[in-house]
2 protein chains.
Amino acid sequence: MNPNLRIATSSASIRVPAAVPSERVDHLAALDRVGTVMSLRRDGVLFRECDPAEHYFKVLTGAVRSSKLLADGRRHVSEFYLPGDFIGLDADTSYLFSAEAMTDTTVVRYARRKVEALALQEPRIGRQLLTIACHGYSTARQQLVLLGRKTAEERIASFLLDLVERIGDDDRVLLPMSRTDIGDHLGLTMETVSRGLSHLKSEGIIAMGNSHEILIRDREALEDLAEAA
Amino acid sequence: MNPNLRIATSSASIRVPAAVPSERVDHLAALDRVGTVMSLRRDGVLFRECDPAEHYFKVLTGAVRSSKLLADGRRHVSEFYLPGDFIGLDADTSYLFSAEAMTDTTVVRYARRKVEALALQEPRIGRQLLTIACHGYSTARQQLVLLGRKTAEERIASFLLDLVERIGDDDRVLLPMSRTDIGDHLGLTMETVSRGLSHLKSEGIIAMGNSHEILIRDREALEDLAEAA
DNA sequence: CGCGCGCTTGACTAACTTCAAAGATGGTGG
DNA sequence: CCACCATCTTTGAAGTTAGTCAAGCGCGCG
């Protein structure tokens, strides 16, 4: 058993991710009855690529990274999951990516079998799952544009704005991930990410407390950079 | 009214895309009753980015390109839709991408409102939509790895294998799209795509009849290139 | 048969990566 | 509480991949 993954006893209220559109009410409440809350330490593994996909997860606190290794060691981080985010809907019979906690994290774990059964009984649950899947699909397609056609600095600007939106407080955000994680997410190297951030700082567009605390000083300029889409 | 888009009279049988996994039966049959068959000429527009998303579509014959323009004219092609593929599930209230026919094409058009109503009545329809959305999500995430971490030649190899799988006949495939479309899909320029194909040809890995007819001569070598994932 | 558009190829350039080293940061134990 | 060490980040210089610009080819359509 993975020592980084411990099952806690209590239940928990789960909030809908702010970014999921068009659905005001959280019909997933019924799901909570079939969910188990778990705690993971930093670098704890939720699942690995190719594991049989028997569970869905939802992040309560902390942050999870979804990644994949190519044969020669190149890594791609396809998503960062933050509080409220649902994990695993893209999986077929096996997971296509690994998922690891980037900081100490709590998640709810749902048996996939039970969720599917519930969805067939209660159309509104099915509908909610569909909404989540469509939102993930849509977000992934936006990221395709970023990786396919944006420059390094545009990618970094888009990334910062996205994170501020999701876990920022006004114009301030604490990055839960390393420069390497960001690079692997944006299709860049750690060094290019670092240089990009330094450049944004030297332009007065952002400020940094420590290297993980970002302050947006000129949101308009950042949006112009992210632009394009 | 768009002259490239004409509504035909007949109904049509719709096959499930071969690539959608884990669902043997096509519960969408009930949907056909609420669908309208339409024909589009080459370059005909199904919808544009920002149009209100009032319809879903499914390709019957031909090929559709889903693309987005950045402010300065850079273009990204996020998906190619081929016979059997369902279009529009990622959209929220507006479409996020434009969709245009790459060749003469027929599609079925479904009113989104009617589909949603059906899905709530009939859980298996909802389940089928969920499967399609998850498949799109999963495919998009695979493409993120390609754009984020693969080299030009690896991208081209992956692309060819994907197309052969979807519309190829054994080891032969007719590309319905231009080099520019392929480049905009793979995050490359037209020239790089052309050079990549020429190089694969010079290595004896593929052969070309005319520039749109590709023959896989050494599938193993192509898979090794696409590899990595 | 000729014309036009898309594809190919070549030479040069730019953006990002790689390799390397120095600078900060934060966690731990004395 | 402070000092040390490991780790992560920043910065610099050189290298590589893919992009840009430009010219010529060839297929397919009229």
Side-chain angles (χ1 to χ4, degrees), chain A residues 41-43 63 65 70 72-77 102-104 146-157 159-160 174-203 206-214 225 228, chain B residues 41-43 65 70 72-77 102-104 146-160 174-203 206-214 225 228:
Chain A
R41 299 192 177 286
R42 186 176 214 267
D43 294 324
R65 161 184 70 219
L70 302 196
D72 62 356
R74 279 173 285 177
R75 189 180 72 149
H76 178 75
V77 171
M102 292 187 295
T103 63
D104 291 356
L146 181 149
L147 294 177
R149 283 293 176 239
K150 290 191 185 177
T151 65
E153 199 152 289
E154 289 167 354
R155 294 180 201 195
I156 293 165
F159 173 72
L160 290 179
L174 285 168
L175 308 179
M177 69 290 285
S178 69
R179 298 290 188 264
T180 301
D181 287 337
I182 298 172
D184 288 348
H185 181 56
L186 300 180
L188 302 170
T189 59
M190 185 192 69
E191 292 92 331
T192 301
V193 172
S194 182
R195 280 186 246 271
L197 289 171
S198 296
H199 185 241
L200 291 174
K201 186 172 149 192
S202 76
E203 298 276 295
I206 63 169
M208 293 196 260
N210 60 52
S211 64
H212 288 262
E213 180 187 6
I214 305 283
L225 272 172
Chain B
R41 299 193 177 284
R42 186 176 215 267
D43 294 323
R65 161 184 71 218
L70 303 196
D72 63 355
R74 280 173 285 177
R75 189 181 71 149
H76 177 74
V77 171
M102 293 187 294
T103 62
D104 290 357
L146 181 148
L147 293 178
R149 284 292 175 242
K150 291 192 184 176
T151 65
E153 198 152 290
E154 288 167 354
R155 294 180 201 195
I156 293 165
S158 303
F159 172 73
L160 289 178
L174 286 169
L175 308 178
M177 69 290 285
S178 69
R179 297 289 187 265
T180 301
D181 287 337
I182 297 172
D184 287 348
H185 181 56
L186 300 180
L188 302 169
T189 59
M190 185 192 70
E191 292 92 332
T192 300
V193 172
S194 182
R195 279 187 247 270
L197 289 171
S198 296
H199 185 240
L200 291 174
K201 186 172 150 192
S202 76
E203 298 276 295
I206 63 170
M208 293 197 261
N210 61 53
S211 64
H212 289 261
E213 180 188 6
I214 305 282
L225 272 174

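Note that the structure is a prediction, hence the values are computed from the model and not measured. Residue numbers start from 1 in every chain, and the chains themselves are labelled A, B, ... in the order their sequence lines are given, proteins ahead of strands.
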- Item | Pairs flagged by salt bridge (Lys or Arg N to Asp or Glu O under 4.0 Å) wherever residues 188-198 of chain A is involved - sequence neighbours left out |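 Qualifying pairs, neighbours excluded: none.
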
Length of the line joining [X]:[atom1] and [N]:[atom2], which is rounded to integer Å:
{"X": "B/I156", "N": "D/dT17", "atom1": "CD1", "atom2": "P", "result": "14 Å"}
{"X": "A/R149", "N": "C/dA15", "atom1": "CZ", "atom2": "C1'", "result": "14 Å"}
{"X": "B/L146", "N": "D/dA18", "atom1": "CG", "atom2": "C1'", "result": "15 Å"}
{"X": "A/D72", "N": "C/dT18", "atom1": "CG", "atom2": "P", "result": "10 Å"}
{"X": "A/H199", "N": "C/dA15", "atom1": "NE2", "atom2": "P", "result": "12 Å"}
{"X": "A/R155", "N": "C/dT17", "atom1": "CZ", "atom2": "C1'", "result": "13 Å"}
{"X": "A/K201", "N": "C/dA24", "atom1": "NZ", "atom2": "C1'", "result": "11 Å"}
{"X": "B/R42", "N": "C/dG6", "atom1": "CZ", "atom2": "P", "result": "7 Å"}

Can you check whether [X] reaches [Y] side chain to side chain, under 4.5 Å on heavy atoms?
{"X": "A/L200", "Y": "A/L160", "answer": "yes"}
{"X": "A/D184", "Y": "B/R149", "answer": "yes"}
{"X": "B/E203", "Y": "B/L225", "answer": "no"}
{"X": "A/T151", "Y": "B/R74", "answer": "yes"}
{"X": "A/H199", "Y": "A/E153", "answer": "yes"}
{"X": "B/R179", "Y": "B/S211", "answer": "yes"}

- Item | 5' precedence on DNA chain C between A/T151 and B/S194 (nearest-nucleotide basis) | B/S194

How many angstroms lie between [atom1] in [X] and [atom2] in [Y], if you round to the nearest 0.5 Å?
{"X": "B/N210", "Y": "B/L175", "atom1": "CG", "atom2": "CG", "value": "9.0 Å"}
{"X": "B/T180", "Y": "B/R75", "atom1": "OG1", "atom2": "CZ", "value": "7.0 Å"}
{"X": "B/L197", "Y": "B/I206", "atom1": "CG", "atom2": "CD1", "value": "5.0 Å"}
{"X": "B/K201", "Y": "B/I214", "atom1": "NZ", "atom2": "CD1", "value": "9.0 Å"}
{"X": "A/R41", "Y": "A/D104", "atom1": "CZ", "atom2": "CG", "value": "6.5 Å"}
{"X": "B/R155", "Y": "B/I182", "atom1": "CZ", "atom2": "CD1", "value": "14.0 Å"}

Taking N or O atoms only and anything under 3.5 Å, show me the protein contacts with nucleotides 25-30 of chain D, one pair per line.
none

- Counting any heavy atom closer than 4.0 Å, what does B/H212 reach on the DNA or RNA strands: base, sugar-phosphate only, or nothing? sugar-phosphate

- Looking for any heavy atom pair under 4.0 Å, which part of the strands does B/S198 touch: base, sugar-phosphate only, or nothing? sugar-phosphate

- Message: For DNA chain C, which residues of residues 183-192 of chain B approach it to below 4.0 angstrom with any heavy atom?
- Response: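 Listed by number, they are B/M190, B/E191.
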
- Message: Give the residues of residues 174-181 of chain A touching DNA chain D, defined as any heavy atom closer than 4.0 Å, sorted by residue number.
- Response: A/S178, A/R179

- Item | By salt bridge (Lys or Arg N to Asp or Glu O under 4.0 Å) - contacts of A/E213 (at least two apart) |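 A/E213 satisfies salt bridge (Lys or Arg N to Asp or Glu O under 4.0 Å) with A/R172 only.
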
Write down the protein N/O and nucleotide N/O pairs, taken from nucleotides 11-13 of chain C, whose separation is under 3.5 Å; answer none if there are no such pairs.
residue : atom : partner : partner atom : Å
C/dA11  : N6   : B/R195  : NH2          : 3.4

